[in-house]
Amino acid sequence: MRIAMDFSRARLAAFLLAPLLSMSCAGGAADESLPSEDGAPEAGVLPTAPAPTPISECYPFDMPTTAALRAAPKKVFGFYYPIFPISIDNAQPASDYWTGWMTPESRNGEYANIGGLMRDRPLPRAPWADSAWRQRDFETEVRRAIASGMDGFLYEHPYRVSSDTRNNQLTVMLAAAAAVDPEFRIVLSPDFPTEAEGTTDGLVSMIASVAQHPSVHKLNGAIVLASFNPERKSVAFWTELKTRLVAQGIQVTYWPLLSYTGDVTKYAEWNSLVTGFSTWGERTAQSGENMRRWSVESHRRGKLWMSPVAFEDVRHKLTDSENSSRVYWEAQNSLAFRSQFEKAMEGDADWMTLLTLTDYGESWMTASQERGYVIMDWIAYYTTWFKTGQRPTIVRDTLYYTHRRHRTDAPFNAAKQTARAMKLRGGVAASNQVELLAFLKEPGRLVITQGTDVRTLDVTSAGVTAFQAPLVPGTTPVFELQRGGVTVQRLESKTQILAQAVYQDLMYHAGGGRSCTRP
């Protein structure tokens, strides 16, 4: 089963009193493969430049208020995978359930052959003192999503009570959304019975049980259902579900996350049932063009399009499937993320879905231990661009970096990592680059230093520049912004580049950003 701020003045006081995490986030050739500023889409431009929100101090640009962003017809939803919340057991981070997933020695060496189930986790927190800790954690994640410009979550959940408590938290998430911001919406992404004899009974009961909750997202009065890979059941199955719910006075509409394909002629049988099309997508820069083509095709059919955006997909886990475990898709540092967002805008996508925010076993984007708030900062920038139709102006120099802990072909300790080596599954050939993603308010010189290897790039205009250099084992990269021969900003990576590894770690580590108080 694949259970796969508002910062207006009225809400600012409540936000500042909310539980906060203070975090310092201060951290070849230029990438010319993406659309230029002159080619930015103009649809959806807000009539006036809105006042920036107080969270803007965390970003390179002035973030519009949540009210201003929500006035735009375009929407952004983060896909929430409930198996991996901030905390599993409300225990001390040094010895909690997450630690057992990440260390080879834990749980009697359950993950000793792969070096841990995953390589990253949510930002740790101290235990809450009361029994409502699950809702408190959800509230934190809602605040973070709002601060990044999201309209809500696509929330995956079972169609019946699960044996895993983590899967039974839909009503808690709905309560958290309502408590933080009554306008933050939860799009239902229900799982469903895939066996031949499976019926719509469980789905009818589950949807009916939350249909009247004010945080459940509706489009023109109909509850939006956005299930993953719904074609595992026939269109007749989903038609029956809709008919049964209508009989109870519940209107629903479908916006399915169909299996990824570059063939835009597919899924014609869904045309009469859905409001919009979407797909689970692929985590590569090259897939962005297919998403643009799907957007054009969806609009040609008179349907809306929700375009998927991801940062990467890397699966250190070991399962029986060689196609979905011990594999990774080459994201080329930040390129997959940036190109998917920009191609979606080029195709005039109606919605975006971030796949996923919280699946640390495959693809995650929310604030984490190994990346801080880096990806969330980028989401804020591109979401603002998507919703306003104008590339945000950079008003604060900000540097970010991404790189792996070691080269993809680095030797590892085969006596300890006895599981098969990681395998490239999709995208271009394996990339071993250090990237400096610079948001510059004016021209300057970028410098990447790895030991004695020094690379420079003179940037002649303000904006966003991706500067890459070959990864140098045995060094810890240092990144600088210089003007007039003077270092304006300096950022050292938190991740040393290893010449060889004990266990392979093919995720992209990240750092940088601005020092500020965040949700």
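Note that the structure is predicted; figures quoted are calculated from it, not measured.
- Between E480 and R490 there is no salt bridge, since no side-chain N of the basic residue sits under 4.0 Å from a carboxylate O of the acidic one.
- A salt bridge does not link D151 to K74: none of the charged side-chain nitrogens sits closer than 4.0 Å to a carboxylate oxygen.
- Separation of atoms CE (M507) and CZ (R405) is listed at 8.0 Å; rounding is to 0.5 Å.
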Table please: side-chain donor-acceptor pairs of residues 83-97 below 3.5 Å, with sequence neighbours left out.
| unit_1 | atom_1 | unit_2 | atom_2 | d |
| --- | --- | --- | --- | --- |
| S87 | OG | D89 | N | 3.4 |
| S87 | OG | N90 | N | 2.8 |
| D89 | OD1 | A91 | N | 3.4 |
| D89 | OD2 | Y97 | N | 3.0 |
| N90 | OD1 | R125 | NH1 | 2.9 |
| N90 | OD1 | R125 | NH2 | 3.2 |
| N90 | OD1 | W128 | N | 2.9 |
| N90 | ND2 | W128 | O | 3.0 |
| D96 | OD1 | W98 | N | 3.3 |
| D96 | OD1 | T99 | N | 3.1 |
| D96 | OD1 | T99 | OG1 | 3.0 |
| D96 | OD1 | R121 | NH1 | 3.2 |
| D96 | OD2 | R121 | NH2 | 2.6 |

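- Note: F77 CZ to I186 CD1 = 9.0 Å, rounded to the nearest 0.5 Å.
- Using a 4.0 Å cut-off between charged nitrogen and carboxylate oxygen, R136 and D130 count as a salt-bridge pair.
- When the shell of 6.0 Å around CZ of R166 is examined, it contains more than 12 heavy atoms from other residues, nucleotides or ligands.
- Rounding to the nearest 0.5 Å places CD of E312 at 9.5 Å from CG of N333.
- At least one donor-acceptor pair closer than 3.5 Å links the side chain of S339 to the backbone N or O of A336.
- The aromatic rings of Y80 and F153 sit tilted, their planes meeting at an angle between 30° and 60°.
- Using a 4.0 Å cut-off between charged side-chain N and carboxylate O, E141 and R143 make no salt bridge.
- Ring centroids of F79 and W280 are separated by less than 6.0 Å, placing the two rings close together.
- A salt bridge is absent between R396 and E442: the closest approach of a Lys/Arg side-chain nitrogen to an acidic carboxylate oxygen does not fall below 4.0 angstrom.
- Here the OG1 atom belonging to T358 is positioned 9.0 Å from the OH atom belonging to Y155, to the nearest 0.5 angstrom.
- In this structure, L258 and F228 have side chains that are not in contact, with every pair of non-hydrogen atoms separated by 4.5 Å or more.
- Using a cutoff of 4.0 Å between basic side-chain nitrogens and carboxylate oxygens, D377 and R518 are scored as salt-bridged.
- Note on ring orientation: taking the six-membered ring where Trp is involved, the planes of H403 and Y401 are parallel (angle under 30°, cut-offs 30° and 60°).
- Classified by interplanar angle (parallel below 30°, tilted 30° to 60°, perpendicular above 60°), the ring pair F341/F386 is perpendicular.
- Taking OH of Y360 as the reference point, atom OG of S368 lies at 5.5 Å (rounded to 0.5 Å).
- In this structure, M102 CE and Q369 CD are separated by 5.0 Å, a value rounded to the nearest 0.5 Å.
- At a threshold of 4.0 Å, the pair K494-E370 does not count as salt-bridged, since none of the basic side-chain nitrogens sits closer than that to a carboxylate oxygen.
- For E110 (side chain) and S106 (main-chain N/O), no donor-acceptor pair under 3.5 Å exists by modelled atom type.
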